[in-house]
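Both counts, for ligands and for their atoms, begin at 1 and track the order of listing. Note that the structure is a prediction, hence the values are computed from the model and not measured.
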Amino acid sequence: MNELDRNFINALNRKVQKTPPVWIMRQAGRYLPEYRKVRSNFKNFLDMCKTPEVCCELVLQPIQRYDFDAAIIFSDILTIPDALGLGVSFVEGKGPIFSNPIRRPEDISNIADFNPESLDYVYTTAELTRKELDTSIPLIGFSGSPWTLAAYSIEGSSSKNFDLTKSFIENHSLDAHRFLEILTDACFEYLKRQIISGVDVIQIFDSWANLLSDQQYLEYSLKYIKKLLDKLSKDPITCKTPTILFAREPKCNLNEFKLNNLSCYGMYTSIYPSNAINIFEGSHALQGNLDPKILLDEDAIIKETVLKLLSKFKNYPGYIFNLGHGITPDINPDKVKVLVDAIREFGS
Ligand code: CP3
């Protein structure tokens, strides 16, 4: 990587910078007309994820349009449950559907061993993309957290309350832990191969952190995120790769996220920046957390809100601009340009 353009890596290394790096979660997606055009060639979303040349093109689309400071592999967090034989497909308007969800403890015993090679298509996407992407732009690889993958696998689909998942962990706690161990090992092997294939940074998405109470969060989610980070830090191949954790509205105290072996904490929309700054005190880089809904507003409001957020993190050692959750399909792509311009003007 070119030393001059390592804005994102500098932030992960906790450097104060005049202009923070910017990328946005779900930056390649349905809000972009060029994405929708490519997407229309595939009936099944996962078939598209299994076509590395196409995924590579999708990674590059938002980089070409906005000159973001980081790219993220085009794939999905549900590749692991799919590889475990749970039969994932995406149904228009309904989200992911599992044909073999985990409903009974026996279902866990019957899961196929995770074969990391079965996700070769993701590693090929990483290799191809790393070749095509400008050398100055870091490439982010990712996985879901073990808990978030377990929640989808047990529920068998998206759901408002995840009632099946909640009753499974209450009635079959030991089995749930057994499943979380399997998923932790799978995430490690998967992320390791992404790193071997050229990704520069890892992000873990704990998108269903909000389902758990404070105590449950520590027991069912954070415990396994810690295990995963620990494994990554002990392996000579993965130990140097910076790590970001994004958790959606976790109920536990923010202090719990001052984790060893974590480089950056990704703040969900509801977190007050001043609170995060006071708690982390520079121990970790911080990423986030503009409410994606602001992008539905007028340009002047977007600019004003962005500048407010930037001024809060002005002296924070290691700040990465991002949204507080993924961008939604209803956003006008021009609004993202307004956001990026406001950030770049701030530091110039
Ligand atoms: O630039 C990028 O970030 C694209 C790569 C990416 C996708 N999914 C592509 C995708 C990433 C990093 C993800 C992560 C992901 N997938 C998460 C964590 C992030 C978060 O939002 O909390 C989650 C929870 C999923 C699971 C998932 N994938 C759902 C629930 C859905 C359907 C609903 C939805 O948000 O669209 C998907 C499908 C999906 N994954 C799409 C994309 C671009 C849309 C599929 C389509 O075009 O039909």
Quick one: look at [X] and ligand 1, take heavy-atom pairs under 4.0 Å, and tell me if it's side chain, backbone, both or neither.
{"X": "Ile73", "result": "backbone"}
{"X": "Pro96", "result": "side chain"}
{"X": "Arg248", "result": "neither"}
{"X": "Arg26", "result": "both"}

Do [X] and [Y] make a side-chain contact, defined as non-hydrogen atoms from C-beta onward lying under 4.5 Å apart?
{"X": "Lys226", "Y": "Leu229", "answer": "no"}
{"X": "Phe142", "Y": "Val199", "answer": "no"}
{"X": "Leu222", "Y": "Leu259", "answer": "yes"}
{"X": "Pro333", "Y": "Tyr66", "answer": "yes"}
{"X": "Phe280", "Y": "Met267", "answer": "no"}

Would you check whether [X] reaches within less than 4.0 Å of ligand 1, judged by its heavy atoms?
{"X": "Val59", "result": "no"}
{"X": "Tyr35", "result": "yes"}
{"X": "Ala28", "result": "yes"}

[atom]: which protein heavy atom is closest, and how many Å away?
{"atom": "atom 40 (N) of ligand 1", "answer": "Asp76 OD1, 2.7 Å"}
{"atom": "atom 11 (C) of ligand 1", "answer": "Phe142 CZ, 3.6 Å"}
{"atom": "atom 45 (C) of ligand 1", "answer": "Phe45 CD1, 3.5 Å"}
{"atom": "atom 34 (C) of ligand 1", "answer": "Arg30 NH2, 3.1 Å"}
{"atom": "atom 46 (C) of ligand 1", "answer": "Arg39 NE, 3.1 Å"}
{"atom": "atom 32 (C) of ligand 1", "answer": "Gly95 CA, 3.9 Å"}
{"atom": "atom 7 (C) of ligand 1", "answer": "Ser75 O, 3.1 Å"}

Heteroatom proximity flag, His325 to ligand 1, N/O under 3.5 Å: yes
Contact check: Ser207 vs ligand 1, nitrogen or oxygen atoms, below 3.5 angstrom: yes
Thr238 side chain to Thr241 side chain, donor-acceptor N/O pair below 3.5 angstrom: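 Not at all, the side chains of Thr238 and Thr241 share no donor-acceptor pair under 3.5 Å.
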Exercise: do Tyr121 and Thr79 side chains pair donor with acceptor under 3.5 Å: no
Nearest-0.5 Å distance that lies between atom CG in Leu86 and atom CG in Leu149: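 Result: 10.0 Å between the selected atoms.
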Heavy-atom neighbours of Glu92 CD exceed 12 at 6.0 Å: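 Open: at most 12 neighbouring heavy atoms sit under 6.0 Å from CD of Glu92.
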Tabulate below the donor-acceptor pairs under 3.5 Å that side-chain atoms of residues 312-321 make, not counting sequence neighbours, or state none.
| residue | atom | partner | partner atom | Å |
| --- | --- | --- | --- | --- |
| Tyr316 | OH | Gly282 | N | 3.0 |
| Tyr316 | OH | His284 | O | 2.7 |
| Tyr319 | OH | Gly288 | O | 2.5 |

Asp185 with Lys231: basic N within carboxylate O range, under 4.0 Å: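 Result for this pair is yes, salt bridge flagged.
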Atoms of ligand 1, numbered as shown, that sit under 4.0 Å from any heavy atom of Ile72: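 Contacts of ligand 1 toward Ile72, numbered from 1: 1 (O), 2 (C), 3 (O), 12 (C).
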Proximal candidate to atom 24 (C) of ligand 1 [heavy atom criterion; set Tyr152, Trp208, Phe205]: Tyr152
Option set Phe42, Trp23, Phe90, criterion heavy-atom distance to atom 37 (C) of ligand 1, minimum: Phe90
Salt bridge (Lys or Arg N to Asp or Glu O under 4.0 Å) against Asp330, all qualifying residues, sequence neighbours excluded: none
